[in-house]
Undergrad: 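Got a structure for you, questions after.
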Number of protein chains: 2
Amino acid sequence: MPRPRFRTGPTMHDVAAAAGVSQATVSLVLNDAGGARFSEETRRRVHEAAQHLGYRTNAHAKVLRDGVAGMIGFVGDHVATAPFAGKIIEGAQARAWEAGMLLLTVNTGGDPELEAASLEAMLSHKVAGVVYASMYHRVVDVPAVLGEVPAVVLNAQDRKRAFPSIAPSEELGGYAATKRLTDAGHRRIGFINIGAVDDALPAVVGRLAGYRKALAEAGIPADDDLHRPGDGQEEGGYRKTLELMSLVHPPTAIFCGNDRSAWGAYQALGSLGLSVPGDVSVVGFDNQESLAPCLRPGLTTLELPFLDMGRRAVELILAGSPSPGHTELFECPLIERHSVAQPSHLPNRRTGTA
Amino acid sequence: MPRPRFRTGPTMHDVAAAAGVSQATVSLVLNDAGGARFSEETRRRVHEAAQHLGYRTNAHAKVLRDGVAGMIGFVGDHVATAPFAGKIIEGAQARAWEAGMLLLTVNTGGDPELEAASLEAMLSHKVAGVVYASMYHRVVDVPAVLGEVPAVVLNAQDRKRAFPSIAPSEELGGYAATKRLTDAGHRRIGFINIGAVDDALPAVVGRLAGYRKALAEAGIPADDDLHRPGDGQEEGGYRKTLELMSLVHPPTAIFCGNDRSAWGAYQALGSLGLSVPGDVSVVGFDNQESLAPCLRPGLTTLELPFLDMGRRAVELILAGSPSPGHTELFECPLIERHSVAQPSHLPNRRTGTA
């Protein structure tokens, strides 16, 4: 079992040192000042250092003196029980706590009765606002009762666009993942999607659009044989990889719609006696911390910026009534590890023996 | 990303069919009647079927009519953000919801200030009780303020024994894991622990005690070379497995103190060209749902009964003031998959070539 980090009253100086920035930068970033002056990357480094070290703002002296400044509700479908989305709660909670507020989490398991009862209870306890979160990026029908408080839809999009939404930019992510492979010289690039296109899930449709855009830019004609709808699980990644590698012209690289599919791809390639990235390059999606760094070789993947997304949702609530319909799409940074190399000559060899 | 199950108003009959038991059994189990009449296994099947199908009790009609019956606080250190302990929240919440109550979760990240503020806020909002949970089994110092309400220490033990504790039976688990291997005929059994014994973590000390007990029962002399303290991560499992397999008399089987270590063992054995279980048998611990079934071959492991433990913690709170010092240790069932076989002749071959 992973072991927690112990907190030891770190200073702003410690955070600056850990993040490799100045104390002024730490102060501005943690107080959400300075805006665009700092890159996503710098802000993430600062927030992660603060989180890692357990750095706390002055709001807490006040909390301990006067009690909690208030509560923000966090209603998630499966978020707190999903194996990887915990960071979305970590980010939301860290931001709330920096303001001396508590984040109260309820997981509805997708049960509408439980959801209704949870929202009713939260409102009756006078929460300052509610974060309405989804475990995976989808279009949701937000309960109208959320109109009574500042509310933000997180990792999802409100069908009626009545509430502000925060979600990852799926198309940019799919584009960046595929471009990483075309830049490495690959021309036969498989894509194992995490669902069927007619599911109309933003992640499924958006990542595919990005994949096609990057191929087009590289002058590579689309080949529907190379796009395989999967199930977002290890099993689907395994099966679809075997399908792709049995093509007369197999891919030299595979973009997997999530890290679990990539894990299946690793296991399938291993069973074929093929190495990553020597024979086949692989790029994932999610940067699931309990998976991507532990694959051998470490998986090059796109990060779902859950920590930042969670923080931002709470920021919008702290800022008062967020503008309806306003949607913020977060860029998914490429996390470079060791699963991408130049194309092998595998396809020629294989077709030579076909 | 995994996809949620959708709830469609199932009946008690559906639950009985899914669990392969009678409706009477479902009714008794879900109402926590019938006590010892039903095996752990039967109760787990019923609860999992009810959870899987989204079966809800009559309490909810009342909730929708009269509003939430109350709230129970759940204070966890890293629970809701841990990659695998979500089931402990699922179980606690399912049981609370069956009684028409909400579970309010706060993750303190191990921060004592946040913990104090969270408890203060929960008490001021008149929670019916508080579950004080740890991400991994350890001895904790429970804040005295919890004396003001029914409180249960979950997946941990109260140092002062002032509060009831619910935890897995580590020694029984370590014993069952090792016995599975001695029963298969193994005599050289490595144990990759999830920490150093002087950490004095119940999981580390208890699983080792169970390992030694099973060896002794099988008349196998202890060999300290075969016990390797690891880190509970894939990396530690990988390194320690390479160490074990480089011994003049390498083990024919390895008991890994958790599934992540077992994953590392699989990858290390693969890198040595050794197969599981053909060359080396492996048993894990945790039955982490996003890991154990996805390893190839599927990992035989011990399940941490988080769903039942979470349910039981809430039951004790619903039952009023639980008796102080009372500790319940939950048995960890063996989950049989495909990573254990009879011993290969590998060690002889290897020493023959040594």
Side-chain angles (χ1 to χ4, degrees), chain A residues 1-7 54 56 60 63-64 67-68 71 77-78 80-84 86-87 89-90 93-94 97 102-107 109-114 116-118 120-121 124-125 135-136 194-195 203 232-235 238 258 260 263-264 267 270-271 286 289-290 294 296, chain B residues 1-7 54 56 60 63-64 67-68 71 77-78 80-84 86-87 89-90 93 97 102-107 109-114 116-118 120-121 124-125 135-136 194-195 203 231-235 238 258 260 263-264 267 270-271 286 289-290 294 296:
Chain A
M1 285 162 281
R3 312 273 295 276
R5 313 183 185 98
F6 294 96
R7 314 302 180 94
R56 297 304 184 203
H60 308 128
V63 169
L64 295 177
V68 173
M71 301 191 296
D77 48 5
H78 300 255
T81 53
F84 68 97
K87 280 198 170 304
I89 295 178
E90 264 183 63
Q93 175 166 290
W97 184 226
L102 286 182
L103 190 77
L104 289 183
T105 308
V106 172
N107 307 289
D111 177 341
E113 290 180 8
L114 177 51
S118 306
E120 176 202 293
S124 71
H125 284 272
M135 182 187 68
Y136 66 98
I194 56 176
Q233 301 294 341
E234 184 278 343
E235 173 64 23
Y238 185 90
N258 68 0
R260 292 189 66 76
W263 182 21
Q267 299 207 59
S271 74
D286 288 355
E289 68 182 338
S290 63
C294 305
R296 296 177 180 269
Chain B
M1 286 161 282
R3 313 274 293 275
R5 312 181 186 100
F6 294 96
R7 313 302 177 95
R56 297 304 183 202
H60 307 130
V63 169
L64 295 177
V68 173
M71 300 191 297
D77 49 4
H78 300 254
T81 54
F84 68 96
K87 279 196 172 303
I89 295 178
E90 267 183 61
Q93 175 165 289
W97 185 225
L102 286 181
L103 190 78
L104 289 181
T105 307
V106 172
N107 306 289
D111 177 343
E113 290 180 7
L114 177 51
S118 306
E120 177 202 295
S124 71
H125 284 273
M135 180 186 68
Y136 66 96
I194 56 177
D231 59 6
Q233 300 293 342
E234 184 277 343
E235 174 63 25
Y238 186 89
N258 68 359
R260 292 188 67 75
W263 182 21
Q267 300 207 58
S271 73
D286 288 355
E289 66 181 339
S290 63
C294 305
R296 294 176 183 269

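Residue numbers begin at 1 in each chain, while the letters A, B, ... track the order of the sequences. Just so we're clear, the structure is a prediction, and the values are computed from it rather than from any experiment.
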Undergrad: Hey, are the side chains of B:R260 and A:C294 touching, using non-hydrogen atoms and a 4.5 Å cut-off?
TA: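 Side-chain contact under 4.5 Å: yes.
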Undergrad: So B:H125 and A:L104, do their side chains get closer than 4.5 Å, heavy atoms only?
TA: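 No. Closest side-chain heavy atoms not under 4.5 Å.
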Undergrad: Taking side chain as everything from C-beta outward and backbone as N, CA, C, O, which of these in B:E235 sits under 4.5 Å from a heavy atom of chain A? Side chain, backbone, both or neither.
TA: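 Its backbone and side chain both get close to chain A.
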Undergrad: Which heavy atom in B:D111 sits nearest to a heavy atom in A:W97, and how many Å separate them?
TA: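 Scanning both residues, the minimum pair turns out to be OD2-NE1, 3.4 Å.
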Undergrad: Taking all heavy atoms of A:A117 and all of B:L102, pick out the closest pair and write down the distance.
TA: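 Smallest interatomic distance, heavy atoms only, reads O-CD1, 3.8 Å.
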